[in-house]
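To start, the structure under review is shown below, and the notes come after it.
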Amino acid sequence: MLKLSDKFLLVTACLLLVLPQSVPAAEAPIDYSKQVAPLLRKYCEGCHTADDGEGKFSTETFADLLKGGEHGPAVLPGDSQSSRLIRMIKGQLKPVMPPEDSGEKLTAAEIAVLTEWINQGAKGPSGKEPLRMELTVPEIKPAQGISKPIASLVWSPASDLIAIARFSEIDLLSGNSNKLVRTIKGLPGKVNSVRFSNDGKWLITSSGTTGLFGQADIWEVTTGKKLHEFVGHKDVLYAAQVSPDQKWLATGSYDNNIILWDIATGNKVRTLSGHNGAIFDLAFSPDSTALASASADATVKVWQVATGDRLDTLSQPLKEQTSVSFSPDGNYIVATGADNRIRKWRFVSRKSARINPLVIARFAHESPVIQITYSPDGKWLASISDDRSLKIWDADQLQLLHVIENLPAIPTSVAFAPDSQTAIVGFSNGQLKRFALPSNLPAGRTGQIIARQSPETDEFTPMASAETVQIKEQEPNNQPGQATPLKGVSVIASGLINGSQPGQTDVDLYQFQSKAGQEWLIETNAARKKSKLDSKIEVLDAEGNQIPRILLRAVRDSYFTFRGKDSNIVNDFRIHNWREMELNEYLYCNGEVVKLWLYPRGPDSGFNVYPGLGRRYTYFGTSPITHALHEPCYIVDPYPAGTELPPNGLPVFTIYYENNDDGRRELGDDSRLIFKAPKDGTYLVRVSDVRGFQGQDFHYDLTVRPRQPDFKVTLNGANPKVNAGSGQEIELVAQRIDGFDGPIRVDISDVPPGLHVTSPIIIQAGHDRAYGTIYADPVEETNGPLVAPRPSDARYKSVNVSATATIAGKEVSHNVNPLGVVQVQKKPRLMIRMVALDSDGLSIAGDQLAEIRDKPLELTIHPGETIAAKVVVLRDGYKGVVGFGREYAGRNLPHGVFVDNIGLNGLLLLDDQSERTFYLTAAKWVPETTRLFHLRADQEGRQTSIPVLLHVKRKDKLANRSN
């Protein structure tokens, strides 16, 4: 029988055999750094750190451990049985540590080490405790002949050197010869980024060990000597950047923090906190005053270097952001990442917190984008992706210019040569490849982004008019060789869809000749004649093949949210990621193409599409259809048929010359399209029933004639009754004939004295309506109603209106129905005025404000910005709410300028309010223009304000004029 002391010695000996460095003989002291600290790091530091330790308890350092937490000391030197740390580890005290659901538990031998260490007095490291920068891992010998993957690369802006970062080393190559100049070794872990200073004299690296520390180094390029070392992060570094003025170093880590360092002293200046994910990339502005950071939290943040203040959070990205850059001129920020997109913001938050507006967002690759970088001359952007492609973009508009697909491996880094004519790419297999840019790349465009135009808006060349010929179809005409000839330039053919062969659906073919570039109007009249035919028309070549009309390349993918859409609805198009879409962009939805008209007015609304009112229009001959919830849709760019388009990861849709329902919604279920002949030759028109039906009641007339663009304008609101000192709205509606899409100017002249009218009124290109107001001077009070006199003077007769537009280079004018006779009535109970923001509406209320000034108030707005003004109401007996509408508040504003920040109730004054500040926002693409606009109340006979003259001016032009 062994004595108790003998048993203890036997157990101790066994433990020493099993765990040689865990529990030594009683007389050998336990080493804190080698035996205790690794256990604390393994089991405790995940939850107990100095920054955010649970229970206010940290095990990061020996001092933190002895300090204890909110429940007091965790370690009582010399008394392991009473130490809270040991009791919780053994389960003698709740909660048990590590937590039972963590899947981790100390072994008996490990517990014995901690117990013996405390019993020995819980002694710490001698001298200053070193940073924990050593990771114990098994040593694995690499396979022979395998190149280390390239993690990062950069071409020096000032010398013929390429720096290539790999695991624990940097290679410096000659850019001309590709020969190795020098290798810098001994860096800790994978070198995640390498950069040159602006003058090319320094090399900046970021590396570290996962879960332990991050390290940035600055090296002298000519000698390979380390000049500075910066250690302060608690996890590996992914980015280290030196400011262009070489005063600051910014480091970004997996620990979610950014540290700004003073290079001259090596001291930490400040920590920039606010990201909730790893920092993957950093970029200084060219003037060194701002820093941009890309993070795994799906944001890009902008910081002020001098103060550390956060200037903005760019939150439009949907997933992790891996790369960020300032443009060489410092005016823009671009970023990209795991959501496959490239985004470009205008950088405006230079000195204070401001919203940096999103300029462009592009779907870039089919897989996450790894990196994007500017060319030194600022013309191009290069992007690489997990989809194994390199793409070159126009840096100004983010237009895709060149694609290299099927790269030999996953690309990891990309850089430009100093001359901007070559891109170099590093790969995960360790290779480095050069790609010369094509010599015919278009020059980078600059300037204001404007509303998109269709490639079909070419100048129109009119054809000679001819007398209309009427014919009847000649059966059989189902096949191209049987097509009924259209004998004449302008023909109406009568036909019937009713097959004579059992089981065979009838179609009718007609044949005509055309010269290249000639344009034809083709339409059916069936439903309007009470026919049962739901017609479809197609234009084919002589062999019966479809003719491509246009190519639509998807540039942004999306889908319908909240609810689907029927074939008529024009509003509440709620689509995913709508904030990256712009007015006048085309939206492709399962074969239908619409155009975005008005922005969503908050979280519970969607886009309105053209024409903004009534039933929606479709474009390129497509027909309106119903769309389901979650159905895919795409923002598309139009290109002429036959254009070679480099792939961008999204589909390209070919639209053919065909239609089954008129896209302008003027013909009901009848069909209409405009055909432009691509070349000289014979063409066919095929008429069929879209459902495949036929019968004796399926008759139709088919018109084929030269296109004759024209217009007609109708004035709504004639013979108005206008209250003295107030106004009434007039509406001008254009009927656009044969695809005429240009602007129309409406002039109203010879208005009687004491009356004023908005003139001229412009119906913008592509739009169908515009608004004006007629308003009367205030008059002295009378006992009865005041009616304008009607003397025999011709000036007091019906006011005439005319409309003018330019078609095929010629000015064309048409009379509009007259404004009629204007009656002036007594002063209303409610009058409306708009005043400048700095006006005191209360002090100028009454007669002074009621007077109509000789010249209207003028406001100026810049594209992409918001301005403020006031609306003031003069109440003379009316005490109720005054509303000016919601999405259409602000009448006759230029397209793309809208009343902003009005919420769900619109622009509204409550019962006790006499004034309110309102805001006008101009989209970034709005062209320069000048317009008179007004407000219209929904109450008291829909009184209008006196118009205000709004100037849309570009900032750069204003600056040039002032120089």
Side-chain angles (χ1 to χ4, degrees), residues 457 459-460 462 465 611-614 664 666 707-722 727-777 788 790-824 852 854-856 891-895 927-934 936 944 946-952:
T457 57
E459 289 189 6
F460 168 73
S465 59
L613 299 171
R664 297 287 295 187
E666 296 173 336
R707 177 187 169 213
Q708 298 172 334
D710 204 347
F711 65 93
K712 177 183 178 182
V713 175
T714 301
L715 182 147
N716 296 327
N719 302 313
K721 297 179 179 180
V722 182
Q728 286 292 307
E729 185 174 88
I730 55 177
E731 180 185 51
L732 294 156
V733 180
Q735 178 187 1
R736 295 183 176 275
I737 300 170
D738 282 15
F740 171 67
D741 213 29
I744 304 171
R745 188 186 78 246
V746 179
D747 293 290
I748 305 174
S749 56
D750 294 327
V751 178
L755 294 171
H756 312 270
V757 67
T758 305
S759 181
I761 300 174
I762 305 298
I763 303 175
Q764 290 185 238
H767 291 227
D768 292 343
R769 65 195 67 226
Y771 302 92
T773 181
I774 181 166
Y775 51 102
D777 288 333
R790 301 186 188 180
S792 59
D793 192 316
R795 292 178 302 160
Y796 289 86
K797 294 185 178 179
S798 183
V799 178
N800 292 321
V801 185
S802 64
T804 305
T806 300
I807 302 175
K810 295 182 179 180
E811 191 173 89
V812 178
S813 294
H814 296 298
N815 290 328
V816 181
N817 57 299
L819 179 62
V821 177
V822 183
Q823 296 187 38
V824 180
I852 297 175
D854 293 335
K855 293 183 178 180
R891 313 290 286 178
N892 206 49
L893 285 167
H895 185 55
E928 288 196 328
T929 188
T930 295
R931 294 282 288 268
L932 284 165
F933 81 98
H934 60 275
R936 185 190 69 185
T944 68
I946 307 306
V948 167
L949 193 64
L950 179 69
H951 304 285
V952 180

Check Val799 against Ser749 and note the closest heavy-atom contact, atom names and distance. CG1-O, 3.4 Å

For Asp747, what residues pass the salt bridge (Lys or Arg N to Asp or Glu O under 4.0 Å) criterion, not counting sequence neighbours? Arg745

Taking only residues two or more places apart in sequence, or in another chain, which ones meet His895 in a ring-ring contact (aromatic ring centres under 6.0 Å, His included)? Trp597, Tyr610, His767, Trp925

Which heavy atom of Ile762 sits nearest to which heavy atom of Ala770, and what is that distance? O-CB, 3.4 Å

Working to the nearest 0.5 Å, report the span between CZ of Arg769 and OG1 of Thr714. 10.5 Å

Check whether Thr929 reaches the backbone of Val952 with its side chain - one donor and one acceptor, N or O, closer than 3.5 Å. no

Within the side chain of Ser759, is there an N or O that forms a donor-acceptor pair under 3.5 Å with the backbone of Ile748? yes

Rounded to the nearest 0.5 Å, what's the gap from CD1 on Ile730 to OH on Tyr771? Could you check? 12.0 Å

Heavy-atom closest pair (Pro709 atom, Ile807 atom, distance to 0.1 Å) is O-CD1, 3.6 Å

Identify the two heavy atoms, one from Arg931 and one from Pro894, that lie closest to each other, and give their separation to 0.1 Å. CG-CG, 3.5 Å

With a 3.5 Å distance limit and no angle check, can you tell me whether Asp738 reaches the backbone of Asp710 through a side-chain donor-acceptor pair? no

I'd like to know if the side chain of Arg936 and the backbone of Arg891 have a donor-acceptor N/O pair within less than 3.5 Å. no

Compare every heavy atom of Leu819 with every heavy atom of Gly717, then report the nearest pair and how far apart it is. O-CD1, 4.2 Å

Is the backbone of Gln728 close enough, under 3.5 Å, to the side chain of Thr773 for a donor and an acceptor to pair up by distance? yes

Output the distance between atom CZ (Arg736) and atom CG (Asp741), rounded to the nearest 0.5 Å. 5.5 Å

